[in-house]
Structures are given as structure tokens and as C-alpha cells.
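Counting starts at 1 for both ligands and their atoms, following the listed order.
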Amino acid sequence: MFPEEEMLGIDLVIPDINYLLEKREKIRGIVITHGHEDHIGALPYLLPQLNVPIYSTKLTQGLISVKLKERKALSGAKLNVIPPGGEVTLGKFRIEFFPVCHSIPDSVGLIIYTPIGIIVHSGDFKLDYTPVDGKPTDLSRLAQLGAQGVLLLLSDSTYAELPGYTPSERVVGETLDHIMADAPGRVIITTFASLISRVQQVIDSAAKHQRRVFIIGRSMTDNVNMALRLGYLNAPDGVLARIDELKGMPRDKVVFVTTGSQGEPTSALVRIANRDHRWVHIVRGDTVVISATPIPGNEALINRTVDSLFKQGARVLYSKVAPVHVHGHGSQEELKLLLNLVKPKFFMPIHGEYRHLSLHAKLAQSVGIPKDNIFVLEDGDVIELTPEVAKVTGKVASGNVYVDGLSVGDIGSVVLRNRRMLSRDGMVVVIIAVNRQTGKLVGRPDIISRGFVDTREAKDMIEESRNLVARVLDHGGSRPADWGFINTKVRDTLNKFYYKQTRRRPMVLPFMVKV
Ligand SMILES: [Zn+2]
Ligand SMILES: [Zn+2]
């Protein structure tokens with residue numbers, strides 16, 4: 001998962017796999033449907049604990065290798081390639097990969113043959129009949145299965161809110177064509193590093209309009225090189241250019257492809273927007289295309305980047321103002337078609353927030369699946385299946401592990417609560433001097449604050465709080481200072497006092513120095 005806005009300073013959220021670790025000897029492998037970040041991003045953190053074989057298609061394996069290498073977790077990983085249409089047997093399960101269309105090539109869904117029946121897992125999918133990489137979702141295979149009888153369908157719910165059909169990737173190709181033809185200067189296109197088919201569209205369109213393509217940024221470069229090597233990206237000779245060829249090239253012959261569609265602070269686009277990039281600075285006449293939708297929580301960062309690009313004279317196109325992106329997930333009519341083809345006995349919506357799952361469940365009801373045969377589950381819920389019956393029978397431990405920089409899992413909810421508190425109301429440090437010999441208080445305490453109040457304007461209040469602390473602690477009379485008592489007393493007193501004065505709750509940190 002990408003972190004939510006209130007997860008301050010957290011880079012990534014990965015699943016808690018303790019349940020799996022307890023059952024380690026029963027786990028035959030991890031099957032990955034495609035190479036998007038939300039599907040492979042946790043592997044570098046999981047594999048050191050649970051080193052089981054991984055099964056995926058070729059491009060997905062390529063993306064996994066790039067990711068594992070970045071995190072220095074590649075050695076010892078057991079990566080196996082299964083082609084779309086191929087299968088693998090893991091214990092009692094036989095798993096067939098069937099091609100699905102998504103916003104990345106080599107995506108698959110899974111047909112899982114179990115001793116009690118067939119389970120179909122859609123993976124992330126849509127039903128684009130004119131996809132960029134030429135492979136639509138294999139509907140005939142699914143129709144065959146439907147006739148055979150499917151016990152359970154698990155299906156992508158991400159866009160269950162949207163009526164109708166998701167537009168074809170073709171739409172984006174046409175828009176890019178217009179942009180490349182009409183842009184008076186350079187075109188800077190930003191998207192996810194894993195959106196290989198979008199990069200292909202950019203290359204195709206650039207070639208058509210005699211522009212040369214410069215790939216900017218490490219993760220984008222790594223993924224593009226890997227995809228070229230494996231044959232998932234095709235570039236006519238002379239279209240891709242090295243950055244040292246940029247000098248002297250006419251502006252209307254240049255295209256940059258970068259990351260930064262989510263306003264990530266270290267991405268190339270954000271550096272460009274902040275005039276902090278080594279090679280690329282915005283000049284009047286540049287066109288910037290943000291070919292991605294904001295992941296919820298990133299809107300503010302993206303808007304700031306867009307504003308700054310406009311200020312520097314660029315024209316900026318993003319999905320609200322031009323069809324420069326279509327998403328990779330099926331809308332309501334596509335989800336219904338899948339349900340109708342597969343005709344499962346039981347249905348479980350997956351991949352999405354709870355509201356998406358609920359809406360998907362309603363759609364399933366509308367096409368005739370009985371309400372009692374539909375299961376909207378949360379992480380950790382256990383469903384038990386027999387050929388006749390499905391029921392929820394319990395709950396196992398599950399949850400999130402936060403990744404902050406290099407550390408995994410040592411950031412708990414307490415740390416996050418502290419970060420939220422600090423970000424909201426700041427902090428107050430109270431320095432209390434105690435006589436080393438007698439253990440008695442010396443003078444008035446000092447108070448230092450950060451992010452709480454303007455210390456010049458609130459000088460009187462801070463002074464008053466110093467007096468207050470001094471008075472409260474003196475009540476103890478002449479006995480030596482007990483740290484536990486002082487700590488609690490100071491915090492209680494100041495919490496109350498500051499709240500009354502300011503309606504804020506800064507973090508109060510008493511501190512004792514022996515003098
Ligand atoms: Zn995906
Ligand atoms: Zn996904």
C-alpha cells in the first residue's frame with residue numbers, strides 16, 4: 001500500500017505476514033499477477049523472512065528483479081517464469097495463468113484448480129478490445145470455465161464506482177499524437193515507472209512526429225532498459241536518445257519521459273518543477289503531460305507541482321483537462337460481463353477499499369448471484385469452502401507494517417501518534433534544575449517550545465507557565481525531587497494550562513538536569 005496522508009513520514013505500508021510465518025512449511029510459493037508497485041512492492045521486505053519460490057510472467061519477473069536489486073534482496077530469490085496460458089502445480093493446487101488486459105503488459109488472472117472445485121482470481125483487469133500491447137483479456141477461456149462450473153470468483157473492485165466501460169488505451173495514444181504534433185516546444189511526459197505500455201505509446205507517437213525520447217530518472221531508466229531487453233518495449237532505431245545528445249537539439253524535437261506523477265519529492269518531475277534538476281529546466285513553450293491519476297492522499301503534492309510548472313511558463317495537461325490517462329481497471333459493465341461469463345457459485349470482491357467491495361457485491365447481486373453467496377471480507381477473515389457451502393469461520397492476525405526509510409516494522413502506532421501530535425500542536429520542553437547534593441529544585445524551570453506558539457507574542461503566557469510549574473513543584477515542600485512525580489505533575493499541569501489558554505495540546509516533555 002501507499003501510505004495515507006496521516007501516516008507521517010512513512011514511505012510504504014506492507015502486510016504483516018506473521019500468520020504466514022507460522023505456517024511456513026505449508027507455503028509452496030507466491031504467485032504474482034503483474035508487475036505494478038502495489039503487487040510487487042513488498043517482496044524485498046518479505047523474502048528475507050519467507051524465502052519461497054515466486055511465480056510470474058516474464059515482464060513481471062523483470063520488474064521484480066529490478067525491485068529486488070534496488071533493495072539488495074535479489075540474491076537467493078527463486079524467480080520462476082510462467083507464460084500467459086501456462087500453468088504450475090503447487091501442492092494440491094494447479095494454477096493456470098490466463099491473459100488479462102491491464103495497464104501493463106504480461107498481466108494475468110489465475111485459474112486455480114483445487115480438489116473441491118475451480119477458483120478464478122481476476123488479477124487487475126479491464127476489457128480493452130484495442131489494448132496497446134495487443135493482448136485483450138481472454139474472455140473465451142473464461143466462458144469455457146463458466147460452462148464447466150466455477151466454485152468461487154475473486155474479482156478486481158478498484159473501479160466498481162464507475163458506470164459504463166473504461167475507455168481504451170487508444171484514447172491516450174490519440175491525445176499524445178495531437179500533443180506531439182502541436183506542441184511548440186519540448187514535451188515532458190510523466191507517468192509511473194511501471195506503466196510500460198504508456199512508455200510504448202510515447203515512443204510510438206514521438207517516432208511518428210520525428211521527436212527523440214530522453215528517459216529521465218533512475219527507476220524509469222532501469223525499467224525501460226529491462227523491458228527493451230525482454231522485448232516488451234520496442235523503439236525504432238534512433239528514437240531513444242542519451243542525455244548528452246540533448247545539447248543543440250531543436251526544442252520541438254524533444255520528448256522527456258520521467259517519474260513524478262504523484263508529486264514524489266525525490267522524483268525527476270518535482271526536481272524539474274523546483275528548478276533543481278541537473279539536465280532539465282522548464283522554459284516557456286514546454287508542455288508537461290501528467291499521464292496518471294493521483295493516488296488518493298497525493299493530490300496536494302501533485303497540485304503544488306502543477307502550480308509551480310505553470311508559474312515557470314509550461315503548459316500542463318493532466319487528466320482533469322485532457323484525456324492523457326485512462327485507468328487500468330474495469331468499470332461496472334466490464335465487471336458485470338466477467339461475472340456473467342464466469343457464473344461463479346460464490347463471489348468475493350477484492351482489490352479496493354471497503355466501499356468498492358460493497359458496490360461490487362451489489363453489482364454481483366444485480367446479475368443474479370444470491371446475496372448469501374457473496375462475501376465482502378476484510379484482511380484476516382477466513383473463509384472455508386466445500387463444493388456446496390462457503391462460510392466465514394474465523395479471523396487470523398493481520399495488519400500493516402510501516403516502512404520508514406531503511407527500517408521495517410519498528411514504527412508502531414505509538415510513533416505515528418507522536419508524529420501526528422507533533423505535527424498538529426508542536427512541543428514544549430520543560431527543563432527542571434535539581435541540586436545534585438540535596439535533590440531539591442533550583443530556581444524556576446526553563447521552557448522551550450517549537451511549533452506551538454510564537455514565543456515573542458506568547459511571552460507572557462510562557463512566563464506564566466514557568467511560574468505555574470515552579471509553584472506546583474514547590475508544593476512538595478523540602479523533600480527531594482522524585483522524578484516520576486515531577487514528570488506526571490508537570491505534564492498534567494501544563495496540558496491543562498496550555499489547553500485553557502490556546503485550545504492546543506502540544507507534546508510536553510519534562511527534562512531534569514542536575515546542577
Ligand atoms: Zn495493477
Ligand atoms: Zn493493483
* Quick one: pull up OG1 in T259 and CZ in R271 and give me the separation to the nearest 0.5 Å. =>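 Rounded to the nearest 0.5 Å, the OG1-CZ separation comes out at 8.5 Å.
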
* Which residues pass the side-chain hydrogen bond (donor to acceptor under 3.5 Å, both in side chains) test with E384, sequence neighbours left out? ->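 Checked E384 against side-chain hydrogen bond (donor to acceptor under 3.5 Å, both in side chains); matches are T393.
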
* To do: Could I get the full list of side chain to side chain contact (heavy atoms under 4.5 Å, CB included) partners for A273, not counting sequence neighbours?
  =>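 Residues passing side chain to side chain contact (heavy atoms under 4.5 Å, CB included) with A273: T305, S308, L309.
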
* To do: Could you please give the number of protein N/O/S atoms within less than 2.8 Å of the Zn ion (ligand 2)?
  =>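 Protein heteroatoms (N, O, S) closer than 2.8 Å to the Zn ion (ligand 2) number 4.
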
* To do: Measure from NZ or CZ of R94 to the centre of the six-membered ring of Y113 and say whether it is under 6.0 Å with the direction within 45° of the ring axis.
  =>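 Geometry flag: set, cation within 6.0 Å and 45°.
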
* Asked: Do F192 and S261 have side-chain heavy atoms sitting under 4.5 Å apart?
  ->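 The answer is yes, as the side chains (C-beta and beyond) meet within the 4.5 Å cut-off.
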
Output a table of donor-acceptor pairs, distance under 3.5 Å, between side-chain atoms of residues 335-343 and any protein atom two or more places apart or on a different chain; print 'none' if there are none.
from: K336; atom 1: NZ; to: E333; atom 2: OE2; distance (Å): 3.2
from: N340; atom 1: ND2; to: K336; atom 2: O; distance (Å): 3.3

